[in-house]
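The basis for the numbers below is simple: all heavy atoms, side chains too, and nothing from hydrogens, waters or symmetry mates. Whatever order the structure lists them in is the order used to number ligands and atoms, beginning at 1. In this text, all values refer to a predicted model and were calculated from it rather than measured experimentally.
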Amino acid sequence: MDKVNILGVGVDMVTIDEAARQIMEFMEEERFHSVFTPNSEIIMRAYRDAAFADILNGADLLTADGIGVVYASKILKKPIKERAAGFDIAKKVLADVSASEHKLFLFGGKPGVAEKARENLLNDYPGLKIAGTRNGYFGEDEEDAIINEINESGADMIFVCLGAPKQEQWIDKNKDKLKNIRVAMGIGGSLDVFAGTAERAPEFFCKTGLEWFYRLCKEPWRIGRMMDLPKFAATVITKGGKFKQDQF
Ligand code: UDP
């Protein structure tokens, strides 16, 4: 897969369909694969934190979740065709997985969210097998029990929805302990959307690249984190060219 090096992070130049197809191919292989979907905030974090950049670059698939990342790829003259958000990839994967024998575990969100998401997903995707659910709030002393619960559930795919960077760090830390899992996807607030406890921005905002603006209006406290977007754009323009495109 072709990658674009955005400030030291090798983002795969895939569409939503290509990413979903790749994930289904991963499901055919008997080994662990991780899928992360960085946005500009996450790439800025990796730019400042080499250990976190290593975690991202260690993934089997990294897709561009955010219009900022798509624009960055254009500035770097290796344009990604479309934004491949975790939520959209997950929807395609769910359609494929529900027609298979694979079993999914839903991990993350406040208590009750994963259970509600399970209920809605089973309605929307007949044939889907959900092996277990677990909320995303836990202490260090509970981590082993959570791993056991996932392993004993028989799930071979997991959605890890703890928000970034927690989900990427959790997946990286536990990848050798997750015995049957073939694909772990870190997909942020997706369980909240599947559960109906959060709404996605209306299509108009997603299509026009203004989802960030919609979220800012709905959740103004995000302004601090969002200031990373102009910083990201400025850094890509001034420093982006220094990162070797054949590094990955
Ligand atoms: N979350 C969680 N455990 C935590 C922190 C967050 O399960 O310790 C969940 C939170 O309930 C939400 C999701 O992670 O469902 C994404 O959180 P947030 O919106 O903060 O992250 P983003 O999607 O913006 O990265």
Identify, for [atom], the protein heavy atom at the shortest distance, and state residue, atom and that distance.
atom: atom 1 (N) of ligand 1; value: Tyr137 OH, 3.3 Å
atom: atom 24 (O) of ligand 1; value: Arg225 NH2, 3.1 Å
atom: atom 5 (C) of ligand 1; value: Leu162 O, 3.4 Å
atom: atom 17 (O) of ligand 1; value: Gly163 CA, 4.0 Å
atom: atom 18 (P) of ligand 1; value: Arg222 NH2, 4.4 Å
atom: atom 3 (N) of ligand 1; value: Gly136 O, 2.7 Å
atom: atom 25 (O) of ligand 1; value: Ala164 N, 3.3 Å

- request: Using a 4.0 Å heavy-atom cut-off, say whether Glu219 meets ligand 1 through its side chain, its backbone, both or neither.
  value: neither
- prompt: Looking only at heavy atoms, is any part of Cys161 under 4.0 Å from ligand 1, and if so is it the side chain, the backbone, or both, or is it neither?
  reply: backbone
field: Test applied, side chain to side chain contact (heavy atoms under 4.5 Å, CB included); reference residue, Leu191; option that passes from Leu162, Asn135, Val113
entry: Val113
message: For Phe138 and Phe107, I'd like to know if the aromatic rings sit close, meaning centre-to-centre distance below 6.0 Å.
response: yes
query: For the residue pair Phe194 and Phe87, is the inter-centroid distance of their aromatic rings smaller than 6.0 Å?
result: yes
query: Which option out of Thr197, Val113, Asp65, Asp192 puts a heavy atom nearest to atom 15 (O) of ligand 1?
result: Asp192
- prompt: Looking at side-chain heavy atoms only, is the closest gap between Leu61 and Phe26 below 4.5 Å?
  reply: yes
task: Decide whether Thr197 and Asp192 meet the rule of one side-chain donor and one side-chain acceptor closer than 3.5 Å.
output: yes
query: So, Gln247 and Asn5: side-chain donor and acceptor under 3.5 Å apart, yes or no?
result: yes
task: Take every heavy atom of Glu41, measure it against each atom of ligand 1, and state whether any distance is under 4.0 Å.
output: no
- request: Give the numbers and elements of all ligand 1 atoms closer than 4.0 Å to a heavy atom of Lys166.
  value: 4 (C), 8 (O)
- prompt: Which ligand 1 atoms are under 4.0 Å away from a heavy-atom of Gly189?
  reply: 16 (C), 23 (O)
message: Test your reading of the structure: does Gly109 have an N or O sitting under 3.5 Å from an N or O of ligand 1?
response: yes
